[in-house]
Protein chains: 2
Amino acid sequence: MSNGNTSHEVLAVVFQVRSVAEQVKTGARKEKPQLNVLLWQRAKDPQQGAWSLPGGRLRNDEDMTTSVRRQLAEKVDLRELAHLEQLAVFSDPHRVPGNTRVIASTFLGLVPSPATPELPPDTRWHPVSALPLMAFDHGPMVTHARARLVAKMSYTNIGFALAPKEFALSALRDIYGATLGHPVDATNLQRVLVRRGVITQTGTIAQSGRSGGRPAALYHFVDSQLRVTEEFAAFRPPGQP
Amino acid sequence: MSNGNTSHEVLAVVFQVRSVAEQVKTGARKEKPQLNVLLWQRAKDPQQGAWSLPGGRLRNDEDMTTSVRRQLAEKVDLRELAHLEQLAVFSDPHRVPGNTRVIASTFLGLVPSPATPELPPDTRWHPVSALPLMAFDHGPMVTHARARLVAKMSYTNIGFALAPKEFALSALRDIYGATLGHPVDATNLQRVLVRRGVITQTGTIAQSGRSGGRPAALYHFVDSQLRVTEEFAAFRPPGQP
DNA sequence: ACAAAAGTGTTTAACCTACACCCATGT
DNA sequence: ACATGGGTGTAGGTTAAACACTTTTGT
């Protein structure tokens, strides 16, 4: 065991906030947005039936980012992937059974909210609050990715990769709420993100919903690339506000 | 080129704050603490004379953390390494010349300040402010590690791995200042770290220095393991102070 | 007494949350 | 008119930077 040579795989934890219709007591149906991960179900042993992260072997002539993008293109429409970043490497020699050792590099991928890419039949979105039986060490990988995402929501503009191009603040509030796992106040969200220069109004206005209500101003993210917006929590250089 | 199989190396960016004697105009010599990286000089081509990060090939039966610790034991006394964490993977197929492709996983290592481990003759500490010619892609690796360290100084207790067991606040101020790259106010440093529960007084008191002055209270870090002390920059759960 | 170093107190400025209140639209 | 959702105003709390001031030691 583990005598052969070593190979390298890339695995992506791809998140999207998706609205799930939900029955309420009153009979009225309500949309409840939740954070979801993209998983596919293993058809063969080992671990047949367990759910895996998308990814696969790294080719000899590609770097890892290229590899992840290539492999995801088979599962998700590539253009929908708004952000991709490295997470950790898992290098336990026995993390997967078999003759050749497999080192895994994990990635965090984000898909904007309204997109609904075509999925192969063995592939499905799963709410992170109710994960199925996961293959190998893929469970901890999801946990790790989620922690990273939650942290970055606070001090970067990473929300751009989860939100549509244009959105009302209530929609953004739902996305932040689903990602962070707790309710978020739209009022304060607006003020924080505007002050930081993360979002601005487009000038256009959404038409008001089916049940009336004031029409919402539309916003969009200023950058579509990751940017740190709150650099120093403490101990910033002197003179710097 | 790059047709053979692929191998994996681990590379460590090991930092320590070291005091360098410095001549001042007045003739008085002054200790100036600076952040240093551990590097060794290549004796052979490729890139003979350039400076490299310590590390080397990953063995078949060890995971990466084990490998880094083992390889560093040859350069630095292992017990002196107070913290070690994964950074990024560098996977450009042509990042190093040669027949076999080499993927590099980088690590951040920290050595507490007063320690002076024995070094092999080709190995030396270099101030990060004046790095020599670096081999391959090792330059960006140092930059990346440093950025990570600076960020973590603000929202974690990572300073424990750079400071001695017991220290006066002025000493800690120097360590923080050297690491962050700008002067730090000892007063505020104390208040921030005490409020967060990162450091506490030991009860003992240092004897005052050669030129008089009030003797300093000694402090120590509460934990000797990485802990996040400022979890949410914004968007914390409702009701949480 | 005086210098040097350590520690305390106070002011000011951000930043963020919470919540009450006002505004615009559809039925 | 009224319900519904969007937006503004404002008060309060927490955090940290800046800096003047006091305390404790050695010469």
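Side-chain atoms are counted along with the backbone in the values below, which use heavy atoms only and exclude waters and symmetry mates. Residue numbers begin at 1 in each chain, while the letters A, B, ... track the order of the sequences.
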Determine, step by step, whether Y219(B) and Q190(B) satisfy the side chain to side chain donor-acceptor pair (under 3.5 Å) criterion, reporting the C-alpha distance in whole Å, the side-chain angles of both residues, the deciding distance to 0.1 Å, and the verdict.
CA-CA 10 Å; Y219(B) 286 78; Q190(B) 189 263 10; 3.1 Å; yes
Counting only heavy atoms not in R124(B), do more than 12 fall under 6.0 Å of its CZ?
no
Take the protein atom [atom1] of [X] and the nucleotide atom [atom2] of [N], then report the distance between them rounded to whole Å.
X       : N       : atom1 : atom2 : value
F235(A) : dA16(D) : CZ    : P     : 7 Å
Y219(B) : dA6(C)  : OH    : P     : 12 Å
E231(A) : dA16(D) : CD    : C1'   : 17 Å
Q190(B) : dA18(D) : CD    : P     : 17 Å
L180(A) : dC16(C) : CG    : C1'   : 15 Å
R236(B) : dC16(C) : CZ    : P     : 9 Å
L189(B) : dA16(D) : CG    : P     : 11 Å

Taking only N and O in the side chain of R196(A), is any of them less than 4.0 Å away from OP1 or OP2 of dC16(C)?
yes
Report yes if at least one side-chain N or O of R195(A) is closer than 4.0 Å to OP1 or OP2 of dC16(C); otherwise report no.
yes
Assert: residue with more 5' nearest nucleotide on DNA chain C, out of A171(B) and P238(B), is A171(B)
About how many Å separate CG of L11(A) and CE of M64(A), when rounded to the nearest 0.5 Å?
11.0 Å
Measure from the ring center of F167(B) to the ring center of F221(B) and say whether it is less than 6.0 Å.
yes
Would W51(B) and H138(B) count as a close aromatic pair, with their ring centres under 6.0 Å?
no
Please work out which residues in residues 172-179 of chain B have a non-hydrogen atom less than 4.0 Å from an atom of DNA chain D and list them by number.
none
How is A186(A) classified with respect to the nucleic acid when contacts are heavy atoms under 4.0 Å: base, sugar-phosphate, or nothing?
nothing
Classify the nucleic acid contact of A217(A) as base, sugar-phosphate or nothing, counting any heavy atom under 4.0 Å across all strands shown.
sugar-phosphate
Check for a donor-acceptor pair, side chain of S105(B) on one end and backbone N or O of V89(B) on the other, with a separation under 3.5 Å.
no
Taking T123(B) for its side chain and W40(B) for its backbone only, find out whether a donor-acceptor pair lies under 3.5 Å.
no
Taking the side chain as C-beta and beyond, is there a heavy-atom pair between L189(A) and F235(B) under 4.5 Å?
yes
May I ask you to decide whether R196(B) forms a salt bridge with E230(B), counting only side-chain N to carboxylate O separations under 4.0 Å?
yes
Got a list of protein N/O to nucleotides 19-23 of chain C N/O distances below 3.5 Å?
residue, atom, partner, partner atom, Å
dC23(C), O2, R214(A), NH1, 3.4

